[in-house]
> 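One structure follows; several queries about it will come next.
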Amino acid sequence: MPIVQQFMMLLKTQSTSDFIESMITCFAAPVVAGLKCGGLLKVSRRDPQIGPTWRRMRHRLARTLALDFAEISVRDDALLLFIYRREAVFAAIACPQVQSFLRSLGYEGDFDSPDPHIETLVARLKAGMPHEVGIFLGYPLEDVKGFIENGGRNSKFAGYWKVYGDEIGALEKFGAFRRSETESMCNVLEKAGASPQAA
């Protein structure tokens, strides 16, 4: 049985807190591993304790995983989170071309700190899905611009995002992301006493 399928089956049996931690650890694995600066993640299932449990464990999980969380939506049965590493976001928006791009979209002030720009992003995410979110997720500027200019069409290929620029670099990153997710799923399965086996 494929590891992803084994992992999805395990999720159904986990306690609410273990479910939330497993979802974040595995589906945000590239952020946890420091391969991406940020990620968006929806955590949901038919469980009215998702929101209350998240509120209780949020700070512990942030310390344990060395991550930052911005809440876009928290309901009793679902979360929508922007998961990020503050310093990595800071590095992603340090480029003058990125700053110029963000300024053109209304991101005001200087870029001495990522915090006001993350706040602007989160406010926009609460209203919809702004295209510049790609910058905060670690996508190359060329690909974010290409997506906007082409209305999401005419990409060279698509993986974790639609690629308009460096195909080889994107493929290498996508491979690293997939490996980090698979490794995280294997770790969760082993911790639960399962024996992960690739199909």
> Can you measure from CD1 (I135) to NZ (K145) and round to the nearest 0.5 angstrom?
8.5 Å

> Evaluate the side-chain proximity of V89 to I118: yes if any heavy-atom separation is below 4.5 Å, no if none is.
yes

> Looking at K156, is its backbone amide N or carbonyl O close enough to the side chain of E167 to form a donor-acceptor pair, meaning the two atoms are under 3.5 Å apart?
no

> Can you tell me if H117 uses its side chain to pair, donor with acceptor, with the backbone of Q99 under 3.5 Å?
no

> List the atom of F174, the atom of A158, and the distance in Å for their closest heavy-atom pair.
CE1-C, 4.5 Å

> Grouping I, L, V, M, F, W and Y whenever their side-chain heavy atoms are under 4.5 Å apart, do M23 and I72 come out in a common cluster?
no

> Can you name the nearest heavy-atom pair linking S155 to K162, along with the distance?
CB-CB, 3.8 Å

> Flag this pair as yes if the NZ/CZ of R124 is under 6.0 angstrom from the six-membered ring centre of Y107 and inside a 45 degree cone about the axis; otherwise no.
yes

> Using the rule that Ile, Leu, Val, Met, Phe, Trp and Tyr join whenever any side-chain heavy atoms are under 4.5 Å apart, tell me whether I83 and W161 fall into a single cluster.
no

> Does the side chain of K42 come within less than 4.5 Å of L79's, by heavy atoms?
no

> Say whether V188 and L41 are linked into one hydrophobic cluster, either directly or through other cluster members, by side-chain heavy-atom distances under 4.5 angstrom.
yes

> Please confirm whether the backbone N or O of T16 pairs with a side-chain atom of Q49, one donor and one acceptor, at under 3.5 Å?
no

> Within the structure provided, determine whether L141 and C95 are in side-chain contact (heavy-atom separation under 4.5 Å).
no

> If you round to the nearest 0.5 Å, how far is CD of E181 from SG of C26?
8.5 Å

> Give, for atom CZ of F157 and atom CG of L171, the distance between the pair rounded to the nearest 0.5 Å.
3.5 Å

> Hey, is the main chain of I50 close enough, under 3.5 Å, to the side chain of T53 for a donor-acceptor pair?
no

> Transitively linked via ILVMFWY side-chain contacts under 4.5 Å: V31 with M185?
yes

> Which heavy atom of S22 sits nearest to which heavy atom of L11, and what is that distance?
CB-CD2, 3.8 Å

> State the CG-OG1 distance between N187 and T25, to the nearest 0.5 angstrom.
9.5 Å

> Do F90 and F111 share a hydrophobic cluster, counting only Ile, Leu, Val, Met, Phe, Trp and Tyr and linking them when any side-chain heavy atoms are less than 4.5 Å apart?
no

> Checking S100 side chain against P96 main chain: does a donor-acceptor pair fall under 3.5 Å?
no

> Any chance you could lay out the side chain to side chain contact (heavy atoms under 4.5 Å, CB included) test for F136 and I93, step after step, and finish with the verdict?
CA-CA 8 Å; F136 297 87; I93 64 173; 4.2 Å; yes

> Any sub-3.5 Å donor-acceptor pair from R85's side-chain atoms to V32's backbone N or O?
yes

> Is D143 reaching over with its side chain to a backbone N or O of G165, donor-acceptor style, under 3.5 angstrom?
yes

> Show, in sequence, the C-alpha distance, side-chain angles and deciding distance for K191 and C186, and conclude whether the side chain to side chain contact (heavy atoms under 4.5 Å, CB included) test is met.
CA-CA 9 Å; K191 184 178 172 186; C186 287; over 6 Å; no

> From L65 CG over to E21 CD, what is the distance, rounded to the nearest 0.5 angstrom?
6.0 Å

> Indicate yes or no for a side-chain donor-acceptor contact from R58 to the backbone of F69 under 3.5 Å, with no hydrogens or angles considered.
yes

> What closest approach, in Å, do A29 and S180 show between heavy atoms, and which atom pair accounts for it?
CB-O, 3.5 Å

> Determine whether F82 and L137 make a side-chain contact, defined as any pair of heavy atoms from C-beta on separated by less than 4.5 Å.
yes

> Would a distance-only check, ignoring hydrogens and angles, find a side-chain to backbone donor-acceptor pair under 3.5 Å from S104 to F101?
yes

> List the steps and the verdict of side chain to side chain contact (heavy atoms under 4.5 Å, CB included) for K36 and F177.
CA-CA 8 Å; K36 283 180 80 211; F177 297 166; 3.2 Å; yes

> Start with the C-alpha gap between V43 and W54, add the side-chain angles, then the distance that decides, and say whether side chain to side chain contact (heavy atoms under 4.5 Å, CB included) holds.
CA-CA 10 Å; V43 178; W54 165 252; over 6 Å; no

> Give, for atom CD1 of I3 and atom CG of L189, the distance between the pair rounded to the nearest 0.5 Å.
7.5 Å

> State whether F19 and R45 meet the cation-pi test: NZ (Lys) or CZ (Arg) under 6.0 Å from the six-membered ring centroid, and within 45° of the perpendicular axis.
yes

> Ignoring hydrogens, what is the shortest heavy-atom contact between F147 and Y164? Give both atom names and the distance.
N-CE1, 3.3 Å

> Under a 4.0 Å N-O cut-off, is there an ion pair linking R55 with E71?
no

> Is it true that a side-chain atom of T13 and a backbone atom of L10 form a donor plus acceptor pair closer than 3.5 Å?
yes

> Taking all non-hydrogen atoms of both residues into account, name the closest pair between G51 and V74 and its distance.
CA-CG1, 4.0 Å

